[in-house]
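Written out below as structure tokens is the structure these notes cover.
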Amino acid sequence: MKDFNLLIGGPAGSGIEKSGKVLALSFTRAGYHVFANGEYMSQIRGGNNFTRIRVGETRRECHLEKVSVLIAFDQQTIKEHIRDIEEKGVIIFDGEGVSLPEGYESRLADKKIQIINEPLKKLATEEIGNPLMENVIALGIVCGLVDFSAKIMKGVLHKIFGAKSAEIIKLNEKALDLGIKLAKEKWTNDFPYKLDKAEERDRLLVVGNDALCIGAIKAGCKFVGEYPMTPSSSVLHFMAAWAEKYGIVVKHTEDEIAAVNSLIGAGFAGARAMAATSGGGFALMTEGIGLASMNEVPIVVVNVMRPGPATGQPTRTEMGDLRQIIHAGQGDPVKIVLLPGDPYECFEFGFMAFNLAEKYQVPIIIGYDKYLGESLFAVDRFNEKGLRVERGKVLSEKDLVKMKERGEEYKRYLFTEDGVSARTLPGTIGGIHCATSDEHNEYGEIFESAENRKAMVEKRMKKLKSAISDLPRALMFGKTDAEVTFVTWAGAKSACVEAAEILQNEGVRANVLQIRTAWPFLSEDVTEILNGCKRPVLVESNFTAQMGGLIAESTGIVIKEKILKYDGRPINAEFVVSEFKKINSSPGRKVR
Amino acid sequence: MTNLKDLQTKDVSNWCPGCGNFGIQIAMKQAIVNLKLDPAKIVISTGIGCGSKVNQWVNTYGFAGLHGRSLPVAMGVKLANPALTVIASGGDGDGYGIGVGHFIHSMRRNLNVTYIVQNNQLYALTLGQVSPTSAKGMKGPSTPKGVIEEPINPLRLALSSDCTFVARGFAGDVPHLTKLIEQAISHKGFSLIDVFQPCVTFNKINTYEFFKERVYKLEDLDGYDTGNLGMAFEKAGEEEGGKIPIGLFYQVEKPVYEDSDPGLKNGTPAGSDVSNVDIGELMEEFK
């Protein structure tokens, strides 16, 4: 089956996102692979929002520009997407609210596109008794068009709206049936897509941020101190929703400075602590990153990136904070920066981050873009096998008594082989110390000596070397003998993998290198891989090629060919393919 | 049984001879001894400044963090392990300047945390600039012609921010301050003690003599009611030149934050076993 694509758009507050979620979850439940991404504006009402849903039989994690079904609840959606409808596609709208641009009827006819112009609002009011049901009638039409299981979609409607009342459930079902009936009576004839699968698969529908939270909860995250910032806020909401069940303290703090410092307090006291934010909030947390590094406190901070600087584009996407997160903090703070590239890695790194934080007593930063953080993915149930919680070196009262008996003194910042000194948690008798943000000696006391300063800097830095074998290494996708290697990270990974397959089918041997740890940069690994690549092409969404720069300074390898995007919109496979073709016609050219 | 010697660190303090911080530190230690607290169950969180060095020289668990951020760290510690006694401490610049936002939110939050502010009415560690509590007209290297702004009145700010324990002490009266610290630690809720802390090096106005001539104790005042917000507000505004009240201005019982936090209903974050968290039900939600 060719992938099926649908776009539903309308003003904010009109239920576009919910309707999109109903479709995405329905197709997920039926056993399809689903990817859905939304674009919305930073306003509560009005504007133009849309959700794109891609449904298929293979795992795909980026959107396509072309759609088979366009559902338009406002004129803007028609204006921006009418040209995206494929041959034999369908456009669904309510002619009483919006209309086709002049001359379009014949153009649509040329492409054999069916026009489904139905008085949805009127039908919802008169036949169902609630004008808000217009969305559900439209979903019913889609259901009828592709022969999708009404039973599954009703189950999903029940799940998403069911909590409200039995009355609402009834109305939803009635509206869905009406839509299906309309489709069957009037238009299904020639529609080329049938989504009549209805197998039960153990799949979940999650956004990247959800996957990260599930990983964090699995890891035993017990404290969240956070301030809302798009597109990271769903992490705060998720953790708050599950706080009671899992015994997690979730504090919406007065600002991000309080957030990061509260994590540090909680981490110092022995709780696994996390905050998510975006670039602006991360800027406020920066001094705290240094504090966690200096006092050697485990914390996890997630930066879900949006276009900057300043307010930038709050609801759009960019991979533009890489430099910000790797360089956060004055005076070389030790830290680990992880870059998940898909929802499975959000889960995996969300779990792993807490082990790394406690094992090496450093702040862990997880960075990815809004496109990964807020897009919906159908995923297999996350695999918990082999996940082991490691809490690092922590001394108990018993340990301390034994040490005393051996005549050993407890020193919080003891110089060690691997740079990691054992912690004692407040409350532990025999382990009293002061964790001090001034340079300190092994006891934690402020100490100005030059010799001690040098040794302490080296001790902290040593931890990064010790951690290297635990860090996610760069991954290759595709065949090894490629002519072209797309080098990328985070939310652009999936687009590159699909682009490589498209090119492969067109006779260009292409593969993908995904960087998964940004700091400490795994130079040896990446150098070795890149030395084996014939023609690396960098793909990332920022102006200055931040990953390209990091690779160059860490490995000495300068990737000259670049595909960069900085319009606030996500990179997908089609974009990578078309931009590659442009540079291919003039090698060495930088494409923006 | 804890005694003063147990609270002594190997390292000795390096404040200027005669610094008000000595009195505050002695009062803190004495209060811990009098309350029979175990030093291992106490965390003193501080910011940056002369007074913030207090946890370097009191032998409890300590966290010396960033300028103005002693309260958020204290919050994290307290919420992660509510069984600990948590004391935050810092100067007037730290708490009423750079950290004033956290100060206000901490008060409305009403965590069971004690906050002791060493208020010397200037920035000492950075060599004598004026602070948010410096008197109008006071001169310093950053304001050679004198302060133009009105000073913050920390007690009035606290009283209007729903602080449940508002007190003022004087570093020159250690027994009185000790008593206040004991009351503050025993108080269930957020407690503020603003302490007049003469800076013998830079502050030539607010000296020991200055305060000794002026301070009087609210408890010696006939009919003073610590449950009367209006009376507290009036006393907190008593002008310089006249007499300055010290003591407990206001105290009220209100639910503390940690008792209502849903995440703390079934255990303590810092102590919990996380080796095998079951996420089965969680994943079901996404099907």
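Nothing here was measured: the structure is a model prediction, and the numbers come from that model. Here is how names work: the chains are called A, B, and so on, in the same order as the sequence lines, proteins then strands, and each is numbered from 1.
For the pair A:Glu254/B:Arg109, a side-chain contact is recorded, criterion being any heavy-atom separation below 4.5 Å from C-beta on. Residues B:Tyr61 and A:Leu425 form no side-chain contact, since every pair of their non-hydrogen atoms from C-beta on lies 4.5 Å or further apart. Using a 4.5 Å heavy-atom threshold, the side chains of B:Leu282 and A:Tyr246 count as touching. Looking at heavy atoms from C-beta onward, B:Thr9 lies out of side-chain contact with A:Cys434 at the 4.5 angstrom threshold. Contact check for B:Glu281 versus A:Lys245: side-chain heavy atoms found under the 4.5 Å cut-off.
Contacts with chain B were tallied for A:Gly270, A:Gly220, A:Ala378, A:Ala435; A:Ala435 has the most, counting heavy-atom pairs under 4.5 Å. Each of B:Val58, B:Thr60, B:Asn276, B:Val43 has some count of heavy-atom pairs under 4.5 Å with chain A, and the biggest count is that of B:Thr60. Ranked by non-hydrogen atom pairs under 4.5 Å with chain B, the options A:Ala258, A:Gly225, A:Cys213 are led by A:Ala258. When each of A:Gly267, A:Ala269, A:Ala266 is scored by its heavy-atom pairs under 4.5 Å with chain B, the top score falls to A:Ala266. If you tally non-hydrogen atom pairs under 4.5 Å between each of A:Leu387, A:Thr428, A:Ile429 and chain B, the highest count goes to A:Thr428. When A:Thr253, A:Ile248, A:Val250, A:Thr28 are compared by the number of non-hydrogen pairs under 4.5 Å with chain B, A:Ile248 comes out ahead. Each of A:Val260, A:Ile257, A:Ile264 has some count of heavy-atom pairs under 4.5 Å with chain B, and the biggest count is that of A:Ile257.
Near-neighbour residues of residues 63-85 of chain B relative to chain A, defined by a heavy atom under 4.5 Å from a heavy atom of that chain, comprise B:Phe63, B:Ala64, B:Gly65, B:Leu66, B:Arg69, B:Pro72, B:Val73, B:Met75, B:Gly76, B:Val77, B:Leu79, B:Ala80, B:Asn81, B:Leu84.
Using a 4.5 Å cut-off between heavy atoms, A:Arg29 contacts chain B through its side chain alone, with no backbone atom that close. With a 4.5 angstrom heavy-atom cutoff, B:Asp278 touches chain A only via backbone atoms. At a 4.5 Å heavy-atom cutoff, the contact between B:Ser272 and chain A is made by backbone and side-chain atoms alike. In this structure, chain A has a heavy atom under 4.5 Å from the side chain of B:Lys265, while its backbone stays farther away. Contact annotation for A:Glu390: neither backbone nor side-chain heavy atoms come within less than 4.5 Å of a heavy atom of chain B. Contact annotation for A:Ala259: neither backbone nor side-chain heavy atoms come within less than 4.5 Å of a heavy atom of chain B. Contact of A:Phe351 with chain B is not made at all, since no heavy-atom distance falls under 4.5 Å. For a residue to count as touching a neighbouring chain, one of its non-hydrogen atoms must lie under 4.5 Å from one of that chain's; by this rule A:Phe382 touches chain B with backbone and side chain alike. Contacts between B:Asn59 and chain A at a heavy-atom distance below 4.5 Å involve backbone atoms as well as side-chain atoms. A:Val297 touches chain B through its side chain: at least one heavy atom from C-beta onward sits under 4.5 Å away, while N, CA, C and O do not. With a 4.5 Å cut-off on non-hydrogen atoms, B:Glu258 does not touch chain A at all. Interface remark: A:Arg388 contributes no atoms to any contact with chain B (heavy atom separation under 4.5 Å). Of the atoms belonging to B:Asn266, it is side-chain heavy atoms, and not backbone ones, that fall under 4.5 Å from chain A.
Between B:Pro269 and A:Lys222, the closest heavy-atom pair is CB-CB, 3.6 Å. Here the closest heavy-atom approach between residue B:Val277 and residue A:Lys218 is recorded as O-NZ, 2.8 Å. Of all the heavy atoms in A:Ala219 and B:Val274, the pair that sits closest is O-CG2, 3.9 Å. Contact record, A:Thr436 with B:Gln56: OG1-NE2, 3.0 Å, taken as the closest heavy-atom pair.
Distance CD1/A:Ile446 to CG/B:Asp11: 8.5 Å, rounded to 0.5 Å.
Between A:Asp202 and B:Lys287 there is a salt bridge, with a side-chain nitrogen of the basic residue lying less than 4.0 Å from a carboxylate oxygen of the acidic one. Ion pairing between B:Lys10 and A:Glu409 holds under the 4.0 Å rule for side-chain N and carboxylate O.
Screening residues 94-108 of chain B for salt bridge (Lys or Arg N to Asp or Glu O under 4.0 Å), with sequence neighbours left out, gives no hits.
Checked against the 6.0 Å centroid criterion, the rings of A:Phe238 and B:Phe286 qualify as a close aromatic pair.
Within 6.0 Å of atom OH in A:Tyr32, more than 12 heavy atoms from other residues, nucleotides or ligands are found, so the atom counts as buried in its surroundings. Counting heavy-atom neighbours within 6.0 Å of A:Glu448 CD, excluding the residue itself, gives a total of 12 or less.
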